Amino acid sequence: MKIPSSIWTLLIGILLTLVSLWYGQNHGLLPTAATDEADLVDGLFNTMMVVSTGIFLLVEGILIYSAFKYRRRPGDNSDGPPVEGNIPLEILWTAIPAIIVIGISVYSFDVYNEMGGFNPHAVHEAPIMQQSMKMPGAAIAATLNDTPPSTEPNLNQQKSDEAMQDPATAAVRNADQIPQKRNAPGVGIVAPTIGPVPGKEGKPPAMVVNVTGMQYAFIFTYPETGVTSGELHVPIGREVQLNMSANDVIHAFWVPEFRLKQDIIPGRQSEIRFTPKKEGDYDLICAELCGPYHGAMRTQVIVEKQEAFDNWVQEQLVASAETLNQAVAVNTEDISPDKFLAPYTKDMGIQPEILHQIHH
Amino acid sequence: MTQAQLQETANTPALNEEPGIRKWQDYFGFNTDHKVIGIQYLVTTFIFYCMGGVMADLVRTELRTPETDFVTPEVYNSLFTLHATIMIFLWIVPAGAGFANYLIPLMIGAKDMAFPRLNAVAFWMIPPAGILLISSLVVGDAPDAGWTSYPPLSLVTGQVGEGIWIMSVLLLGTSSILGAINFLVTLLKMRIPGMGFNQMPLFCWAMFATSALTLVSTPVLAAGLILLSFDLIAGTTFFNPTGGGDPVVYQHMFWFYSHPAVYIMILPFFGAISEVIPVHSRKPVFGYKAIAYSSLAISFLGLIVWAHHMFTSGIPGWLRMFFMITTMIIAVPTGIKIFSWLATMWGGKIRLTTAMLFAMGFVGTFVIGGISGVMLAAVPFDIHVHDTYFVVAHLHYVLFGGSVLGIYSAIYHWFPKMTGRMINEFWGKVHFTLTIVGLNMAFLPMHKLGMMGMNRRVAQYDPKFTTLNEICTYGAYILAISTFPFIINAIWSWMYGPKAGNNPWDALTLEWMTTSPPAIENFDKLPVLATGPYDYGLEKAKEDVPLDDPNPVLSGGPNSVLRAEPDPKVAANPEDRK
Ligand code: HEM
Ligand SMILES: [Cu+2]
Ligand SMILES: [Cu+2]
């Protein structure tokens, strides 16, 4: 019996769908999800993976099938049928991808909103367009003079001042070298990022940590307790806000298990908010090229129970003061990275082997 | 200028009495024949490709182990910076211009480009720029801030190297602007009468879209780089935060060019394989207009997606959403092309020549890069994988799996036209197999590396990633090996290969209607269009262009006047060849 081709198509379609659905859930391509945000991102990725697997199999399938089925037989020098187009078919394969990408966009939009992407709480305070539109020649001109031509409050400056309230932060941030002078020119807003999740707008985060990025280290200061550390410790289940700034070049805060990343740009304040939910030690990685030892710029984020966190704070209170003194005493320009990093290494969890590779 | 006047200018010998090629030495001098310039471009850029490839393999050798044991981190950074700069500015972009130079006048029936001398000038900017760039390695202060050269890092690393980098990229940018002007004018003004835009081969459409894009975006890069050089040399603070400048403004200016640049790097090869696939499938290209107009759509949309490179660097939420949507939309015209190519093959009589295999490899690997591109456009996911090996994987699937395979496909397809000789198919297939295996081995595992937590541009990494990195490294070695059969085959066939005849593939576009290699002014007489460029399988095309006839009657059709004797010993289908 000959099975009609429409049945074959149907069967292949079903098989393709099943395989895609299965692979989209079982690809094993992502590390543990350790924040609420991470689960959202994974859901989005899995969905995209289902669609992608389907498209991939379809295209490769047609290619390989054509290569065998429609191969020219030796001696056959005739041409194929002169089919030049097929409007309904072309409309179909324009419409389907269009619907797919719109769907993914809407889903991404939703995830981004759920993560707090639309809620850097400064948005309403710093009107986005007005200010930049008032500036003729906008972005470049803005960098030429020192004060922004605006009566709006300078949010970067405010943020920076706030962070500097904590003496520990003030000591590690090179405040006079890289002034947090202005709002982001051209777009007129405090370097925006992942803010509070919907429902928590306007509420202060449960905990604030000031982060300073410098060539090849992250330094964390805890304004509430005055602790300074090379590792980030956060208690489980509490919303944390990081206020980040860079002393020298651009760095980036990335914890793969959190699915979060934010550039730390000198001259700006960056913030990021998240809620860790899973106990563990995770790698915190600098994701923006920041110099030869960029690869060595990594440390640990420790997500732990509240008691463990409190204990750690107690331990640090003494130790941090010492580290701090060393940190401010040196000028990064003059010494080699390994010397510079030495006092931090124990603290920051940099492996001695890595340090050993840093030589000139 | 009218077309006649332009044709006239093009005819006037510029520097030499005879601008064309007479002997091999002519390739080494200032020559205004578009065919010579085209080949000069292709050979020069291929040499740079080999240098960029050596650097890639050095990078990969370093990454075979988690420690930095092969080169110092400083040297490592210079290596990947130069690798990327060479691959982009000295290989893919100018290689596209090389094919355009060779093919556009032939495909539209012109005698040369609109501005032959300008054409030569554009080419002769490339070797000095390349030598300058590579000399920075010798000076001992090579640029090492990545090919993106973000300040403030680029301002605090070596000044000399960074200065050289800016100079070199500015020269290359100027060259591509000059080239683009020439292509646009040639395409607009020098088509033979009777060839409207809708009778143009698709490669011409692709170059039209590419050149327009180059012309709009490159000046912005130049402006950005000039400001950067002021910061570097004169101590201004456009981008330097210590003086109140803003590094993010540089990123906007840089990506306003460099995102369109990826389309500048891929569109010409979309065009090239739109030529290869119908010829070797013996079917008209499916959806000619859809393919042609989608090039224009890509070129327009390409201008409004740049900020997707800055999703993590501090742009507001609404802007991220805007750029997410525009980026996603580009997938639609790209998808149209892919499905049209598949439909062109469907039901055809596919000749699995090396050119066709590379074209099919292009479709099959490019689609992976396209899919990961859509994923990267989704802001929440991009936030996770930005600046990781996932991005490195994505860009190599697009640029290697797309552009480089496209270049190879084009070389195998037009080799007989350019040299008058056939290239060896067996070694071509060896080359193809090694390339596909090496390519996937080198770049597929990088997707997983990136998602699991390996950041890019690092000389040392977490030991848990060792196995996957080893696979990548061996893949890269296979890629290096794969070029040897190609190089040897190309040189040997150029010298001793069997004579090709004028139209070994029985193709219908105009470049095949003249001798191989074409004579100095391309056509004996002004050619007249007898068929559309892709009328395979149509009776009309058979009558007007007597493809099967070994001794065509010279009055058989308007095009046949131009057809010199084909060589009966060389059959169109390699398998049928004795
Ligand atoms: C010969 C095969 C190739 C190999 C083995 C290779 C390998 C690599 C590797 C390992 C990196 C990552 C460097 C790092 O992040 O530390 C890289 C980066 C890059 N490659 Fe390739 N590559 C190859 C071909 C190409 C081609 C044909 C292009 C075409 C344009 C290209 C363009 C780039 C770009 C733009 C980067 C980004 C560099 C950066 O992050 O600054 N590569 N390549
Ligand atoms: Cu860093
Ligand atoms: Cu870094």
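Chain letters run A, B, ... following the sequence lines, proteins first, then strands; residues in each count from 1. The basis for the numbers below is simple: all heavy atoms, side chains too, and nothing from hydrogens, waters or symmetry mates. As the structure is a computational prediction, the values presented were derived from the model and not from experiment.
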Inset, instruction - Among Met345(B), Met375(B), Met360(B), single out the residue with the greatest number of heavy-atom pairs under 4.5 Å to chain A. - result: Met375(B)
Legend entry - Per-residue contact mode, Val41(A) against chain B (heavy atom under 4.5 angstrom): side chain
Legend entry - Option that, when pairs with chain B are counted at under 4.5 Å, heavy atom only, ranks first among Ala38(A), Ala67(A), Ser105(A): Ser105(A)
Legend entry - Side chain, backbone, both or neither of Pro380(B) within contact of chain A (heavy atoms, under 4.5 Å): both
Inset, instruction - Would you name the heavy atoms of Met451(B) and Leu29(A) that are closest together and state the gap between them? - result: CB-O, 3.2 Å
Legend entry - Engaged part of Leu63(A) at the chain B interface, taking heavy atoms whose separation is under 4.5 Å: both
Legend entry - Part of Ile336(B) within contact of chain A (heavy atom distance under 4.5 Å): both
Legend entry - Interface moiety of Val75(B) toward chain A, non-hydrogen atoms closer than 4.5 Å: neither
Inset, instruction - Drop me the distance from Arg73(A)'s CZ to Lys349(B)'s NZ, to the nearest 0.5 angstrom. - result: 9.0 Å
Legend entry - chain B contact via Asp42(A) - side chain, backbone, both or neither, heavy atoms under 4.5 Å: neither
Legend entry - Portion of Ala95(A) that has a non-hydrogen atom of chain B nearer than 4.5 angstrom: neither
Legend entry - Heavy-atom check, side chain of Arg268(A) versus side chain of Asp246(B), under 4.5 Å: yes
Inset, instruction - Verify, without hydrogens or angle tests, whether Asn455(B) (side chain) and Ala287(A) (backbone) share a donor-acceptor contact under 3.5 angstrom. - result: no
Legend entry - Option that, when pairs with chain B are counted at under 4.5 Å, heavy atom only, ranks first among Pro256(A), Pro81(A), Pro82(A): Pro82(A)
Legend entry - salt_bridge(Lys261(A), Asp382(B)) N-O dist < 4.0 Å: no
Legend entry - Per-residue contact mode, Asp462(B) against chain A (heavy atom under 4.5 angstrom): both
Inset, instruction - Would you please test Val156(B) and Asp248(A) for side-chain contact (heavy atoms from CB on, under 4.5 Å) and show each step? - result: CA-CA 9 Å; Val156(B) 299; Asp248(A) 36 37; over 6 Å; no
Legend entry - Which atoms of Val285(B) approach chain A - backbone, side chain, both or neither, heavy atom under 4.5 Å: backbone
Legend entry - Side chain, backbone, both or neither of Glu90(A) within contact of chain B (heavy atoms, under 4.5 Å): side chain
Legend entry - Minimum heavy-atom distance between Pro284(B) and Glu84(A), given as atom pair plus value: CB-CG, 3.7 Å
Inset, instruction - Specify the closest pair of heavy atoms between Ile285(A) and Gly453(B), including all atoms of both residues, with the distance to one decimal. - result: CD1-O, 3.3 Å
Inset, instruction - Could you tell me which portion of Ile64(A) (side chain, backbone, both or neither) has an atom closer than 4.5 angstrom to a non-hydrogen atom of chain B? - result: neither
Inset, instruction - Taking all non-hydrogen atoms of both residues into account, name the closest pair between Gly450(B) and Trp254(A) and its distance. - result: O-CH2, 3.6 Å
Legend entry - Rounded distance (nearest 0.5 Å) linking atom OG1 of Thr312(B) with atom CD1 of Ile272(A): 9.5 Å
Inset, instruction - Check the angle between the aromatic planes of Phe381(B) and Phe45(A) and answer parallel, tilted or perpendicular using the 30° and 60° thresholds. - result: parallel
Legend entry - Contacting region of Pro278(B) [heavy-atom separation from chain A under 4.5 Å]: neither
Inset, instruction - Kindly indicate, with the supporting measurements, whether the criterion side-chain contact (heavy atoms from CB on, under 4.5 Å) is fulfilled by Glu37(A) and Ile383(B). - result: CA-CA 11 Å; Glu37(A) 288 80 2; Ile383(B) 289 177; over 6 Å; no
Inset, instruction - Go through Ile338(B) and Trp93(A) one step at a time and tell me if the side-chain contact (heavy atoms from CB on, under 4.5 Å) criterion holds. - result: CA-CA 10 Å; Ile338(B) 290 186; Trp93(A) 72 45; over 6 Å; no
Inset, instruction - Answer whether the closest heavy-atom distance between the side chains of Phe339(B) and Ile62(A) falls below 4.5 Å. - result: no
Inset, instruction - Considering non-hydrogen atoms only, spot the tightest contact between Glu60(A) and Val367(B) and give its length. - result: OE2-CG1, 3.4 Å
Inset, instruction - Quick one: which of Ile264(A), Ile102(A), Thr94(A), Val255(A) has the most heavy-atom pairs under 4.5 Å with chain B, could you say? - result: Thr94(A)
Inset, instruction - Would you mind checking which part of Thr32(A) comes under 4.5 Å of any heavy atom in chain B, side chain (CB onward), backbone (N, CA, C, O), both or neither? - result: neither
Legend entry - Heavy-atom closest contact (Ser313(B) atom, Asp263(A) atom, distance): CB-OD2, 3.2 Å
Inset, instruction - To the nearest 0.5 angstrom, please state how far the CE atom of Met356(B) sits from the CZ atom of Arg71(A). - result: 12.5 Å
Legend entry - Greatest number of heavy atom pairs closer than 4.5 Å to chain B - which of Val83(A), Ile87(A), Leu58(A): Val83(A)
Inset, instruction - Examine whether an atom of Ser372(B) lies under 4.5 Å from a heavy atom of chain A, and if so say whether it belongs to the side chain, the backbone or both; otherwise answer neither. - result: neither
Inset, instruction - Go through Ser66(A), Pro97(A), Pro31(A) and name the one with the most non-hydrogen pairs under 4.5 angstrom from chain B. - result: Pro31(A)
Legend entry - Stepwise side-chain contact (heavy atoms from CB on, under 4.5 Å) test for Leu153(B) and Gln215(A): CA-CA 10 Å; Leu153(B) 181 64; Gln215(A) 266 169 332; 4.0 Å; yes
Inset, instruction - Against chain B, label Tyr65(A) side chain, backbone, both or neither, depending on which of its atoms sit under 4.5 Å from a heavy atom there. - result: side chain
